[in-house]
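Working notes, beginning with the structure itself.
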Amino acid sequence: MYDIQALRKEFPILGREVYGRPLVYLDNAATTQKPRAVVDAITEEYFSVNANVHRGVHYLSQQATELHEAAREKVRAFIGARSTNEVVFTRGTTESINLVASSFGEAFMREGDEVILTVMEHHSNIVPWQLLGQRRGVKIKVVPMDDDGRLDLAEYEKLFTSRTKIVAVCHVSNVLGAENPVGRMAEIAHAHGAHILVDAAQSVPHLPVDVAALGCDFLVFSAHKVYGPTGLGVLYGREDLLERMPPYQGGGEMISRVTFERTTFEQLPFKFEAGTPDYIGTHALAAALAFVERTGLENIARHEHALVRRAVERMQHVDGMRIYGAAEDKGAVVAFNVAGIHPLDLGTLLDRLGVAIRTGHHCAQPLMQRFGTEGMARLSIAMYNTEEEIDRFADALERVCRMF
């Protein structure tokens, strides 16, 4: 049984009011709220185990190190990686992609080589490759899509040449909610001798993700989108590739021996983790993943899909409504515009009615250009949202639209 009321009690913020109205939080694609278990993990470690990891022989340091590495194992199991050597902790999805673009680019890419992106990518999966292009003369190619948000796989395969080194694609679009066929895209990439990076920031919180089943070479996600703390992310990378890639940053922790003449680097995954890691955050991430597992990703997906269907059904009755992306099994995101109403005005007035949504370009300006708009409104759903909240959003939306 999916006991939504019991689940909501684990998220105290959901009980607060804004502008005198009960909060309806529908901005989960930007960040999720945190359950008590995550906040308790942070408090517990700061108050009872806090010590720097990997470097101390004393008891607290040893205990903190054990928790930190247990979190790495938790992530490994959660995404189906073969070894903890393949799990690198970063500051988020953005840094994970920057690490791959910089380090993979330096190791494997030369002037005239190519990276394939898609038109629906988040800026964090566009700009790092552009910076690589400026440094190394790497070219970017873009996979087109149809008006429903489906990638054109026939055109995708035509983009490959002997110079194509890597594909970088979102698993689920943060705007359209479309789940891309990344498994098939990985097969095509590998058939052409290229590698593939999967941005799983919008899929890990909502559906089972297994790196072996996807066949990806790299996978990235952020802790704060999967009910964990901010400022922490994960990079999964195939061990043989990470071994051949140079460090992304230099400093403490990632070294084996340093002299002024030469430095040798630590083994994986520490080669890519310069400086003191967020060992408090990793313990909290482990608590978040355990919370998700106890709830059950299949249960979460079923609940969220039902809420998306309810939202779309209610929204379709609004005059001038345009919903972007028409995937059959749409993810937990609905982006939309209402004719004659600027999305910023829409979001501001909904906020006054207690409903929190996102407005703007959603860090996906090329996708906005593809649809001929400067911005969109977006509601995004999490495990703790309810049918009542969807109805309150829809009622508020209808009220705002009547005002215009």
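All values below were derived from every heavy atom in this structure, side-chain atoms included, with hydrogens, water molecules and symmetry-related copies excluded.
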Distance-only polar pair, side chains of [X] and [Y], donor-acceptor under 3.5 Å:
{"X": "E374", "Y": "H361", "answer": "no"}
{"X": "N85", "Y": "E239", "answer": "yes"}
{"X": "Q202", "Y": "H171", "answer": "no"}
{"X": "T118", "Y": "E121", "answer": "yes"}

- Message: Holding to salt bridge (charged side-chain N to carboxylate O under 4.0 Å, His left out), I want the full list of residues that pass it with E187, two or more places apart in sequence or in another chain.
- Response: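 Listed in chain order: R184.
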
- Task: List for me each residue that meets salt bridge (charged side-chain N to carboxylate O under 4.0 Å, His left out) alongside K74, sequence neighbours excluded, and say none if there are none.
- Result: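 Salt bridge (charged side-chain N to carboxylate O under 4.0 Å, His left out) list for K74, sorted by chain: E293.
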
Are any of the side-chain nitrogens in [X] or [Y] under 4.0 Å away from the carboxylate oxygens of its partner?
{"X": "R91", "Y": "D278", "value": "no"}
{"X": "R72", "Y": "E69", "value": "yes"}
{"X": "E111", "Y": "R136", "value": "no"}
{"X": "E10", "Y": "R294", "value": "no"}
{"X": "R163", "Y": "E114", "value": "no"}

- Task: Please work out which of the three classes, parallel, tilted or perpendicular, describes the rings of Y384 and Y25, given edges at 30° and 60°.
- Result: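 Y25 vs Y384 ring planes: tilted.
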
- Query: Taking the inter-plane angle between the rings of F160 and H192 on a 0 to 90° scale, is it parallel (under 30°), tilted (30 to 60°) or perpendicular (over 60°)?
  - Reply: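 Correct class here is parallel.
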
- Item | F291 vs F11, ring pair (Phe, Tyr, Trp, His ring centres under 6.0 Å): CA-CA, chis, key distance, verdict | CA-CA 12 Å; F291 186 87; F11 296 85; 5.6 Å; yes

- For Q134, enumerate each residue passing the side chain to side chain contact (heavy atoms under 4.5 Å, CB included) test, keeping only those at least two apart in sequence or located in another chain.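 L131.
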
- Message: Does atom CZ (F108) have a neighbourhood of more than 12 heavy atoms from anything else shown, all under 6.0 Å?
- Response: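 Enclosed: over 12 neighbouring heavy atoms sit under 6.0 Å from CZ of F108.
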
- Message: ring pair (Phe, Tyr, Trp, His ring centres under 6.0 Å) for H68 and F89? Distances and angles first, verdict last.
- Response: CA-CA 10 Å; H68 181 60; F89 288 122; 5.4 Å; yes

- Query: For F371 and Y324, what are the C-alpha separation, side-chain angles and deciding distance, and is it a ring pair (Phe, Tyr, Trp, His ring centres under 6.0 Å)?
  - Reply: CA-CA 9 Å; F371 283 109; Y324 298 91; 5.1 Å; yes

